[in-house]
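The structure appears below as structure tokens.
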Amino acid sequence: MPWRVGPAERRAGLWPDPYRVWLSEIMLQQTTVAAVINYYQRFTELWPRVEDLASARDDTVMGEWAGLGYYARARNLLRCARLVAEDYSSDFPHTREELLKLPGIGPYTASAIAAIAYDRPETVVDGNVERVMSRLFAVETPLKQSKLVLTEFATDLTPAKRPGDYAQAVMDLGATICTPRNPACGNCPWRAACAAHAMGRASEFPVRTPKKPKPTRKGIAYLARRSDGAWLLETRPNRGLLGGMLGWPGGEWVETPPVENPPLEAIWSDPGSEVRHTFTHFHLQLALRVAEVPLDAEPTDGHFVDEAEFNSAKLPTLMRKAYDLASDTLSKD
Ligand code: SF4
């Protein structure tokens, strides 16, 4: 992983760049390395230092983040970069306590940056580490209720010497050997000490409580294309899902049948298929309405974005799916 500095490099005196450690940790929240890697490379090419990111335009950064999800992270990313550039002379704070004062940095991320970038003896507990601890100590309490205990076990094991390498090693152990299904205990350096392995029950940990099914919400998105090729878009409110991102106008997403509320008068057609998307807490079924509108169309919501400036790749995934369906429909007409 490009933000890593291995033990051999560290012995040779090379240290990770705190900016890159921070950027990777923010991107990795709720996401996998595979989903993040191209975004990380693009961001570090465009903005190689925190002061470069701090002086970037909001809409450029939000556009580059499009598709990575959890858009509040992108807004906090910018706020944090600007604060570090202005108040800390572009030098990320070195301690967990100071890092916690920055926007978008919670307890896990603060510990990870302090340990990985500055080799502080902080306990870093992500899902991988929780799984390893729950197996190592055969914790029978369901994961949701045992997080504190798992953190205590992880804290007890954190060494004073090379805590940064240790933190990354335990996370890697969870990601590559002590995997959720079929852990490769035969290759594990902790095999002799592992209680779950000794019981022959490694895959049964961590104990999970059955998940409640997610509710389904419904909504309508209105996709209007003006006769000169411009698209009607709105910037979503900063708070809430896809906050601050561009999207198609439409009402709220609700569990009851949604109410028609078009942003302008037009002959709206229904392409007959809807967009399905799953957020953390619910499934969404988004019906579409599509219209060609004249040059003098005056919307009550949103603004027209000229064809030359419109780039569907800069839309969040849900909105891009809607665009793909709508543009198919319009090109058939
Ligand atoms: S022995 Fe198996 S279950 Fe125990 S920590 Fe290693 S990989 Fe995980």
Side-chain angles (χ1 to χ4, degrees), residues 1-11 16 21-22 24-37 40 70 96 105-212 280:
M1 286 177 272
W3 50 85
R4 284 283 181 87
V5 168
E9 291 165 299
R10 207 173 257 201
R11 272 197 298 277
V21 174
W22 162 76
S24 66
E25 288 297 337
I26 301 294
M27 286 184 165
L28 283 166
Q29 288 167 3
Q30 319 270 353
T31 322
T32 61
V33 170
V36 156
I37 204 107
Y40 173 86
Y70 301 95
R96 181 179 188 274
I105 297 189
Y108 164 78
T109 308
S111 297
I113 299 170
I116 297 170
Y118 299 114
D119 210 23
R120 300 248 163 185
E122 297 295 350
T123 307
V124 186
V125 184
D126 67 354
N128 286 318
V129 177
E130 283 177 347
R131 184 169 59 256
V132 173
M133 294 301 136
S134 74
R135 289 174 176 171
L136 206 53
F137 297 96
V139 177
E140 301 279 1
T141 313
L143 182 58
K144 254 191 161 170
Q145 288 90 51
S146 61
K147 290 190 175 260
L148 257 183
V149 176
L150 296 174
T151 302
E152 279 168 19
F153 284 136
T155 306
D156 289 346
L157 288 176
T158 300
K161 203 172 158 199
R162 294 171 61 194
D165 284 344
Y166 169 80
Q168 294 175 87
V170 186
M171 288 192 275
D172 285 355
L173 181 74
T176 59
I177 292 178
C178 195
T179 48
R181 277 181 226 122
N182 304 323
C185 299
N187 296 332
C188 179
W190 275 350
R191 188 173 64 244
C194 180
H197 173 64
M199 294 153 72
R201 293 175 49 207
S203 300
E204 291 175 34
F205 296 93
V207 176
R208 297 201 179 267
T209 27
K211 274 190 187 162
K212 273 201 246 157
T280 316

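For ligands, and for the atoms within them, numbers begin at 1 and follow the listed sequence. Here the structure is a predicted model, which means the values were calculated and not measured. Throughout, residue positions are numbered sequentially from 1 according to the sequence presented.
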Check your understanding: Going by an N to O cut-off under 4.0 Å, is there a salt bridge joining Asp126 and Arg131?
Key ->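 The answer is no: the pair does not qualify as a salt bridge.
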
Just need the protein heavy atom nearest to [atom], so name the residue and atom and give the distance.
atom: atom 6 (Fe) of ligand 1; value: Cys188 SG, 2.3 Å
atom: atom 2 (Fe) of ligand 1; value: Cys185 SG, 2.4 Å
atom: atom 4 (Fe) of ligand 1; value: Cys194 SG, 2.3 Å

Check your understanding: Are side-chain heavy atoms of Val36 and Ser24 found at a separation under 4.5 Å?
Key ->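 No, too far: nothing below the 4.5 Å cut-off.
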
Exercise for review: Check whether any side-chain heavy atom of Glu25 lies under 4.5 Å from a side-chain heavy atom of Ile116, and answer yes or no.
Suggested key: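 Yes, side chains in contact.
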
Taking only heavy atoms of [X] into account, list the atoms of ligand 1 that are under 4.0 Å away from them.
X: Arg135; answer: 3 (S)
X: Arg191; answer: 1 (S)
X: His197; answer: 1 (S)
X: Ala202; answer: 3 (S)

Practice item. Examine Cys178 and say whether one of its N/O/S atoms is closer to atom 6 (Fe) of ligand 1 than 2.8 Å. Key: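 Checking Cys178: none of its N, O or S atoms is under 2.8 Å.
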
Review point. How long is the span from the NZ atom in Lys147 to the OG atom in Ser134, to the nearest 0.5 Å?
Key: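 It comes to 10.5 Å.
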
Review point. In terms of side-chain heavy atoms, does Glu122 have a donor or acceptor partner in Thr158 at a distance below 3.5 Å?
Key: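 Result is no, nothing qualifies.
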
**Study point:** Short side-chain donor-acceptor distance under 3.5 Å, Ser146 and Thr141
**Key:**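 No.
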
